[in-house]
Amino acid sequence: MIENLVIVESPAKAKTIEKFLGKDFRVISSFGHIRDLAKKNLGIDIKNDFAPDYEIPKEKAKVVSDLRKYASESKNIWIASDEDREGEAIAWHLAGVLKLDLETTKRIVFHEITKEAITDAIKNPRQVDMNLVNSQQARRILDRLVGFEISPVLWKKVQPALSAGRVQSVAVRLIVEREREIISFKTESSFRVTAVFRIDEKDGNSSIIKAEASKRFRDADEAQKFLELCNGAKYEIKAVTVKPGTRSPAPPFTTSTLQQEAYRKLGFSVAQTMAVAQKLYEAGKITYMRTDSTNLSKMALAKSREVIISGFGEKYSKTRQFKTKSKGAQEAHEAIRPTYIDNSTITGAQNEKKLYELIWKRTVASQMSEAEVEKTTISIEMNNSPVTFSATGEVIKFDGFLRVYSESTDQDNSDEEKYIIPPVKNGMLLYYNYVTASQKFTAPLPRYTEASLVKKLEELGIGRPSTYAPTISTIQNRGYVLREDRPGEKRQIRILALEKGRISASSKTEMTGKEKSKLFPQNIGMIVNDFLMENFSDIVDYHFTAEVEEQFDQIAMGKLKWTKMLHGFYGPFHKTIENTLEKKNRQTGVRILGDHPETGEQVSVRMGRFGPVAQIGSQDNGNKPRFASLTKNLLLETITLEEAIGLFRLPRSLGKHEGEDMVVGIGKFGPYIRHNNKFYSLHKGVDDPYTVTLERALEIIKEKTENEQKKTIKDFGDILVLNGRYGPYITREKQNYRLPKGTDAEKLTKDDCINIIEKSNKSRK
DNA sequence: CAGTGAGCGAGCTTCCGCTTGACTT
């Protein structure tokens with residue numbers, strides 16, 4: 001018999017706590033929720049006041065049987081799940097599953113994992129808070145109703161296996177709407193004038209001031225006229241202002257800000273950040289990584305202070321506690337910080353090291369002094385124009401927290417190079433070295449990255465730290481959005497330059513629309529979004545979550561009955577479901593583009609069974625229409641008649657080779673050549689499927705055949721030893737087998753291979 | 001793994017939030 005059993009949510013947490021509590025306590029973990037709504041069917045008896053049908057998921061059976069065993073061996077049970085809505089529900093489910101009396105079950109909570117906090121918690125147990133539990137049940141059931149009633153409507157009206165939900169559908173909406181803003185954006189250009197001025201000092205030295213004109217010019221003519229004025233102008237400094245200012249450090253990391261900074265500074269995807277953070281957490285190197293709180297424990301504050309003072313001096317220390325700003329934050333945990341702040345770095349895998357150091361810097365910087373800066377603005381007037389030039393410069397007087405860390409922004413404009421403004425006075429005369437007018441184009445708002453989407457969702461109070469990464473995966477898995485790079489296009493910019501009394505014109509090429517790791521909506525995502533907007537505008541409304549959260553709060557405070565809230569929601573919602581099922585047609589995103597200029601047949605595009613498709617002609621008078629798949633990156637919404645007709649130029653025959661047809665086309669994986677039922681990819685950036693010749697095709701085939709032969713180390717007929725990406729391996733009947741370490745692939749016999757295959761098959765079973 | 005585009009239709013797909021492994025490549 002054990003005296004005390006403490007149940008927490010996370011096994012890593014259990015391990016740490018057990019050390020604090022001594023031998024009278026055993027600490028185990030529930031691995032999160034242990035019960036959920038039934039997987040099959042709805043799992044809710046709507047007619048019976050939304051009675052939930054809870055079951056223990058298969059993958060939780062072992063955890064639950066362990067929990068039962070330990071519970072039966074313990075005198076006192078303490079439930080220490082997190083102090084938030086989900087944690088309270090976990091406590092309640094635990095009590096139910098372990099058959100504990102709610103009146104006497106000891107519920108404890110702590111916000112930081114320190115001996116003090118835990119022993120304190122043990123001294124102050126309370127009961128399970130049923131109002132909080134009920135607010136969780138309302139949340140859970142509402143999400144199930146939304147997801148499991150709308151998704152089947154999509155299967156019927158759009159395509160099978162699609163999904164909709166309170167969180168994912170808003171995420172898709174954000175991306176679709178941003179894309180449409182970009183599509184309809186009208187680029188404008190203007191000329192920005194910058195100048196490099198010279199101050200001639202008495203001692204014969206001269207210094208330089210870079211400044212920008214207060215006005216932008218509509219076109220090259222206006223810019224030219226202004227440069228002509230500049231040539232004859234006298235320049236005088238009319239005002240010099242020096243303003244002191246401060247900059248403050250950012251708060252310590254939450255899940256969302258960690259994902260954003262790890263993307264910006266380290267290039268990690270949201271899922272990658274979480275995987276690396278999980279490793280650090282399990283190794284005891286950082287605190288819990290799924291949190292919405294910016295709080296640091298007293299111990300962490302004190303330790304940071306120590307580290308800062310000994311590393312940088314007293315002047316650099318400023319202890320702060322940040323208030324959590326994000327909507328709907330539940331603050332069950334601390335901010336993400338190093339467990340031992342003394343360690344500014346760790347040993348281990350590269351990615352773990354990098355992320356750890358980022359977390360260390362952010363944590364320590366948050367406890368450091370403001371940086372003190374001095375911002376200088378100089379105004380320069382011309383004697384022949386009302387346009388003024390201004391120069392600004394910033395000098396850091398005291399670096400403070402910047403010594404350790406500075407936050408990145410999504411738009412890093414590094415072209416604004418910093419330089420130090422020389423000391424100047426009012427009335428000083430300036431002379432130009434160069435005045436340059438360069439064309440600038442306006443740009444639409446940028447597409448979302450995974451991390452900037454998480455930021456936006458957090459701002460809207462949609463989703464939780466534990467679901468940001470899975471949500472991003474879901475919308476990609478459903479095919480609603482795709483994360484990819486785009487090469488961008490070249491654009492000419494015009495430049496007029498005034499130097500030594502002469503104005504010259506030139507042009508420069510720059511890249512525009514280049515994208516790296518951005519989220520692009522796909523056709524099916526746009527169709528689903530439009531369908532949801534049309535029929536379920538309440539659910540995809542950006543405020544929907546905030547509104548239901550308010551009601552969940554009311555339930556948690558005991559001011560609203562949870563079943564009443566659900567009745568209020570479900571009545572109108574279910575009516576909309578039935579109405580939509582009855583009245584709406586299948587959505588295909590069809591667009592009639594016009595008539596074929598040669599045959600007069602109708603040309604249209606729509607979502608077909610196998611994806612977006614263009615169609616020439618129609619079914620009606622016994623004619624067979626012709627079809628062609630839309631190639632990647634073409635949107636049903638924006639494709640033109642010409643582009644659609646162009647799709648029918650493929651597949652195209654190149655003629656015969658060795659008696660077999662040689663055909664070129666574009667498939668799922670890009671342009672290909674098909675010959676003898678074998679496929680050969682065209683080379684990216686080199687070959688164009690519309691113009692590639694028979695001769696070139698033969699070269700490509702020859703090259704690939706030679707490469708395949710190089711790949712083969714041994715050929716035993718049905719068994720092959722091949723050279724793969726990860727080194728040599730054996731393949732038989734489409735199954736691959738790894739070689740045991742230290743095997744020399746060149747010396748393998750057929751019998752060796754069979755041995756390896758049989759051994760591997762045994763261990764797989 | 002790349003081609004398809006009409007139909008017949010069984011049985012399946014799906015949510016959000018809490019937690020980690022168990023797998024293959």
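Residue numbers begin at 1 in each chain, while the letters A, B, ... track the order of the sequences.
In this structure, Ser629(A) does not reach the dG5(B) phosphate: none of its side-chain N or O atoms is under 4.0 Å from OP1 or OP2. In this structure, Arg478(A) reaches the dT14(B) phosphate: one of its side-chain N or O atoms is under 4.0 Å from OP1 or OP2.
Taking only side-chain atoms of Phe679(A), from C-beta outward, the nucleotide of dA2(B), dT19(B), dG3(B) with the closest atom is dA2(B). Of the candidate nucleotides dT19(B), dT20(B), dC16(B), dT19(B) has the atom lying nearest to any side-chain atom of Ser466(A). In the set dC16(B), dT20(B), dT19(B), dT20(B) carries the atom at the smallest distance from any side-chain atom of Gln278(A). Of the listed nucleotides (dC16(B), dC15(B), dA2(B)), dC16(B) has the atom at the smallest distance from the side chain of Thr467(A). Taking every side-chain heavy atom of Phe627(A) into account, dG5(B) is the closest of dC16(B), dG5(B), dT20(B). Distances were taken from every side-chain heavy atom of Ile90(A) (C-beta onward) to each of dC18(B), dG17(B), dG5(B); the shortest belongs to dC18(B). When distances run from any side-chain atom of Arg144(A) to the nucleotides dT19(B), dC16(B), dC15(B), the shortest one goes to dC15(B). Closest approach to the Val167(A) side chain among dT4(B), dT20(B), dG17(B) is made by dG17(B) (side chain taken as heavy atoms from C-beta onward). Residue Glu282(A) places its side chain closer to dT20(B) than to any other of dT19(B), dT20(B), dC15(B). Among dC15(B), dC18(B), dC16(B), the nucleotide with an atom closest to any side-chain atom of Asp143(A) is dC16(B).
For the pair Met289(A) and Gln159(A), nearest-nucleotide mapping onto DNA chain B gives the more 5' position to Gln159(A).
Using a 5.5 Å limit on the distance between ring centres and a 30° limit on the angle between planes, the aromatic ring of Trp155(A) counts as stacked on the six-membered base ring of dT13(B). We find that the ring of Tyr672(A) and the base of dA2(B) do not stack by the test of centres under 5.5 angstrom and planes tilted less than 30°.
Put simply, the side chain of Arg464(A) and the base of dC18(B) share no donor and acceptor less than 3.5 Å apart. Below the 3.5 angstrom threshold, one finds a donor paired with an acceptor across the side chain of Arg139(A) and the base of dC16(B).
Classified by interplanar angle (parallel below 30°, tilted 30° to 60°, perpendicular above 60°), the ring pair Phe536(A)/Phe573(A) is tilted.
dG9(B) and dT13(B) have their C1' atoms separated by 16 Å, given to the nearest Å.
In this structure, Arg107(A) does not pair ionically with Asp129(A), as no charged nitrogen and carboxylate oxygen lie closer than 4.0 Å. Salt-bridge check for Glu9(A) with Arg290(A): failed, with every basic side-chain N at 4.0 Å or more from each acidic carboxylate O.
Thr631(A) contributes atom OG1, which lies 9.0 Å from atom CG of Leu650(A) (distance to the nearest 0.5 angstrom).
In this structure the side chain of Tyr542(A) reaches within 4.5 angstrom of the side chain of Arg173(A), judged on heavy atoms.
Ala89(A) comes within contact range of no nucleotide atom at all, as no heavy-atom separation falls under 4.0 Å.
Rounded to an integer number of Å, the gap from CG of Leu457(A) to P of dC16(B) is 11 Å.
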